[in-house]
Visitor: 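One structure, pasted below without further comment.
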Amino acid sequence: MVSVSTWFRYIANKLDYSVSLSYKSYKGGLINDKEVIDSVWKNLFQGKLTFLHWNKGQEMAPTIGDQGGTLLVRKLPAADPMRVFVGDVVLLKDPEKSDNFLVRRLAAIEGYEMASTDEKDEPFVIDKDECWVLADNEKLKAKEANDSRNFGPISMTSIVGRVIYCLQTAVDHGPVQNSHFSTRKDTPVLEVELDVEEMAKHHKA
């Protein structure tokens, strides 16, 4: 049973998401002054803060096994350094295939200096609103991992959500290890919205 304090934290998360999303729509000219409040209430009381995503491949092993997993992904109104943190497992648009999505771990954000293991490569600093993502599977070569070592820094806007739970089989499932900051933020969302039976129904393995 979800505690009252957890419900308050969950509602606070939903309110933050609703206000941020509505403000983003307002700034983008998608809604006018009068529609802002309606948009906030609609996002607050309709829908969830999470959605399910199926992922398969060896790039994120052992976090997500080779056979794939059904992932619970937390929606983000905007992927900025105040909402996603280094260490988070994120769902992002594939920079090389616009209709595809990748799951990778956020390794660096704007301002980080990157140095290559190859001495021929000059160090560089990640530009504003960009980030560096890596696969978890250290056994894979850069091209096999299909991460920033292959396609370089990507725009933060490519990130569509943070992976907070993974179901690999009906008996093998659990929270995904993210940064300390994100884990604290996501705990009430996980307690309220996690439905393992629903995840199992959508599982493709």
Side-chain angles (χ1 to χ4, degrees), residues 12-30 43 49-51 53 55 57 59-60 63-64 71-138 140-166 175-187 189-190:
N13 272 290
K14 284 205 84 172
L15 183 60
D16 174 63
Y17 176 79
S18 303
V19 171
S20 300
L21 202 63
S22 299
Y23 181 66
K24 184 178 177 182
S25 297
Y26 174 71
K27 277 187 71 179
L30 300 175
N43 289 317
L49 287 175
T50 58
F51 62 92
H53 175 78
N55 184 80
E59 295 88 355
M60 288 302 290
T63 304
I64 304 169
L71 310 178
L72 186 67
V73 182
R74 176 171 177 176
K75 300 174 187 174
L76 297 170
D80 57 53
M82 297 299 291
R83 298 182 188 279
V84 284
F85 306 91
V86 169
D88 288 353
V89 175
V90 294
L91 179 69
L92 56 111
K93 295 174 185 173
D94 189 332
E96 298 177 331
K97 298 177 183 176
S98 58
D99 59 343
N100 192 34
F101 289 92
L102 301 175
V103 176
R104 298 291 182 268
R105 194 174 293 275
L106 191 61
I109 57 173
E110 60 183 66
Y112 274 60
E113 183 177 41
M114 307 300 294
S116 173
T117 52
D118 189 338
E119 294 180 359
K120 296 176 185 176
D121 296 331
E122 289 288 326
F124 65 93
V125 175
I126 302 289
D127 289 338
K128 183 175 173 57
D129 298 326
E130 289 193 336
C131 62
W132 191 267
V133 295
L134 294 174
D136 272 5
N137 193 341
E138 297 178 354
L140 298 180
K141 295 177 181 177
K143 286 187 178 180
E144 296 172 325
N146 191 26
D147 56 22
S148 286
R149 291 171 295 172
N150 187 34
F151 48 68
I154 62 166
S155 170
M156 290 286 282
T157 58
S158 298
I159 298 173
V160 297
R162 177 167 51 244
V163 181
I164 61 176
Y165 201 90
C166 174
V176 170
Q177 184 177 354
N178 287 311
S179 67
H180 173 68
F181 299 105
S182 295
T183 299
R184 285 184 60 195
K185 284 172 173 278
D186 297 336
T187 297
V189 178
L190 202 54

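Quick caveat, the model's predicted, so the values are computed rather than measured. The first residue in the sequence is number 1, and the count goes up from there.
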Visitor: Please check if the distance between the ring centroids of Phe151 and Trp132 is under 6.0 Å.
Guide: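 Aromatic pair excluded; centres sit 6.0 Å or further apart.
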Visitor: To check you understand the geometry: which heavy-atom pair defines the closest contact between Val163 and Asn178, and what is its length?
Guide: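 Of all heavy-atom pairs spanning Val163 and Asn178, the closest is O-ND2, 2.9 Å.
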Visitor: Could you go through Ile109 and Glu130, starting from their C-alpha distance and side-chain angles, then the distance that decides it, and tell me whether this counts as side-chain contact (heavy atoms from CB on, under 4.5 Å)?
Guide: CA-CA 6 Å; Ile109 57 173; Glu130 289 193 336; over 6 Å; no
Visitor: Where is the tightest heavy-atom contact between Ile126 and Ala108, given as atom of each residue plus distance?
Guide: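 Residues Ile126 and Ala108, closest heavy atoms: CG1-CB, 4.4 Å.
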Visitor: Under the side-chain contact (heavy atoms from CB on, under 4.5 Å) rule, what do Thr50 and Leu190 come out as? Steps first, then yes or no, please.
Guide: CA-CA 9 Å; Thr50 58; Leu190 202 54; over 6 Å; no
Visitor: If you measure from CD1 on Ile154 to CG on Leu92, what distance do you get to the nearest 0.5 Å?
Guide: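 So the gap between those two atoms works out to 4.5 Å.
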Visitor: For the residue pair Gln177 and Arg105, what are the closest heavy atoms and their distance?
Guide: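 Scanning both residues completely, I find the closest heavy atoms to be O-NH1, 2.8 Å.
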Visitor: Given Phe51, which partner from the list Leu91, Leu72, Leu71 fulfils the side-chain contact (heavy atoms from CB on, under 4.5 Å) test?
Guide: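 Exactly one candidate clears the test, Leu91.
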Visitor: Step by step, would you call Ile64 with Val103 a side-chain contact (heavy atoms from CB on, under 4.5 Å)?
Guide: CA-CA 9 Å; Ile64 304 169; Val103 176; 3.9 Å; yes
Visitor: Are side-chain heavy atoms of Cys166 and Asn55 found at a separation under 4.5 Å?
Guide: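 No. Closest side-chain heavy atoms not under 4.5 Å.
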Visitor: Any idea which heavy atoms bring Leu106 and Cys131 closest together, and the distance?
Guide: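 Closest approach of Leu106 to Cys131, heavy atoms only: CD1-CB, 3.5 Å.
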Visitor: Would you compute the distance between atom CD of Glu59 and atom CG of Leu140 and round it to the nearest 0.5 angstrom?
Guide: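 Output value for this atom pair is 6.5 Å.
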Visitor: Tell me if the CD atom of Glu144 is crowded by more than 12 foreign heavy atoms within 6.0 Å.
Guide: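 Above 12, so yes.
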Visitor: Do Tyr112 and Val125 come close enough that some side-chain heavy atom pair is under 4.5 Å?
Guide: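 A side-chain contact under 4.5 Å is absent here.
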Visitor: Could you check whether atom OH of Tyr26 has more than 12 heavy atoms from other residues, nucleotides or ligands sitting under 6.0 Å from it?
Guide: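 Counting neighbours around OH of Tyr26, 12 or fewer heavy atoms of other residues, nucleotides or ligands fall under 6.0 Å, so no.
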Visitor: Taking the side chain from Ser98 and the backbone from Asp94, do they hold a donor-acceptor pair closer than 3.5 Å?
Guide: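 Absent.
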Visitor: Scan the side chains in residues 76-89 for donor-acceptor partners under 3.5 Å anywhere in the protein, sequence neighbours excluded, and list what turns up.
Guide:
residue: Asp80; atom: OD1; partner: Met82; partner atom: N; Å: 2.8
residue: Asp80; atom: OD1; partner: Arg83; partner atom: N; Å: 3.2
residue: Arg83; atom: NH1; partner: Asp16; partner atom: OD2; Å: 2.8
residue: Arg83; atom: NH2; partner: Ser20; partner atom: OG; Å: 2.8
residue: Asp88; atom: OD1; partner: Ser179; partner atom: N; Å: 3.0
residue: Asp88; atom: OD1; partner: Ser179; partner atom: OG; Å: 2.7
residue: Asp88; atom: OD1; partner: Ser182; partner atom: OG; Å: 3.0
residue: Asp88; atom: OD2; partner: Phe85; partner atom: N; Å: 2.9
residue: Asp88; atom: OD2; partner: Arg162; partner atom: NH1; Å: 3.2
residue: Asp88; atom: OD2; partner: Ser182; partner atom: OG; Å: 2.7

Visitor: Quick one: pull up CD in Glu110 and CG in Asp127 and give me the separation to the nearest 0.5 Å.
Guide: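 If we round to the nearest 0.5 Å, Glu110:CD and Asp127:CG are 9.5 Å apart.
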Visitor: Mind checking whether Leu49 and Lys75 have side chains closer than 4.5 Å, heavy atoms only?
Guide: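 Leu49 does not reach Lys75 side chain to side chain.
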Visitor: Show the nearest heavy-atom pair for residues Ala145 and Ala135, with the distance to one decimal.
Guide: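 Heavy atoms only, the tightest pair is CB-CB, 3.8 Å.
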Visitor: To the nearest 0.5 Å, what is the distance between OG on Ser155 and NZ on Lys93?
Guide: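 The distance works out to 9.0 Å.
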Visitor: Give the minimum heavy-atom separation between Ile164 and Arg74, together with the two atoms involved.
Guide: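 Scanning both residues completely, I find the closest heavy atoms to be CG2-CB, 4.2 Å.
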Visitor: Is atom CD of Glu122 surrounded by more than 12 heavy atoms (other residues, nucleotides or ligands) closer than 6.0 Å?
Guide: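 Atom CD in Glu122 is not packed in, count stays at 12 or less.
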Visitor: Nearest 0.5 angstrom please: Lys141 NZ to Asn146 CG, how far?
Guide: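 Lys141 atom NZ to Asn146 atom CG measures 15.5 Å (nearest 0.5 Å).
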Visitor: How many angstroms lie between CZ in Arg149 and CE in Met114, if you round to the nearest 0.5 Å?
Guide: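 If we round to the nearest 0.5 Å, Arg149:CZ and Met114:CE are 10.0 Å apart.
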